[in-house]
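Notes for the one structure printed next.
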Amino acid sequence: MTAHEFGDAELLAYLDGEVAPAVAARIEQSAAARQRAAQLAHEQKRLTAHLYRQSCPPSDQLGEYHLGLL
């Protein structure tokens, strides 16, 4: 089996544990699919770290909101 048998969406679903056991077994048997899944996992972690709290207001603004000052 090759990684080309699995799209990125299917590999991402595999990483999230959202594929059928039979599909997960086929991915795990393919070195190319496992390698691509590892690449996608790395990219996901990098993006998550970069985007973490990007749209969160500053702590002083949250404090003012909590105190009813906004």
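Everything numeric in this text was worked out from a predicted model, so none of it was measured.
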Can you give me the closest heavy-atom contact between [X] and [Y], atom names plus distance?
{"X": "E28", "Y": "R34", "value": "O-NH1, 2.6 Å"}
{"X": "L62", "Y": "C56", "value": "CD1-SG, 4.2 Å"}
{"X": "I27", "Y": "A33", "value": "O-CB, 3.9 Å"}

So, taking the atom named [atom1] in [X] and the one named [atom2] in [Y], what distance separates them when rounded to the nearest 0.5 Å?
{"X": "L11", "Y": "L40", "atom1": "CG", "atom2": "CG", "answer": "6.0 Å"}
{"X": "S59", "Y": "E64", "atom1": "OG", "atom2": "CD", "answer": "10.0 Å"}
{"X": "S30", "Y": "Q35", "atom1": "OG", "atom2": "CD", "answer": "9.5 Å"}
{"X": "Q29", "Y": "R26", "atom1": "CD", "atom2": "CZ", "answer": "9.0 Å"}
{"X": "R36", "Y": "D8", "atom1": "CZ", "atom2": "CG", "answer": "4.0 Å"}

Practice item. With sequence neighbours excluded, tell me which residues meet salt bridge (Lys or Arg N to Asp or Glu O under 4.0 Å) with E10. Key: none

Study note, to complete from the structure: Apart from L69 itself, members of its ILVMFWY cluster (side-chain separation under 4.5 Å) are L67

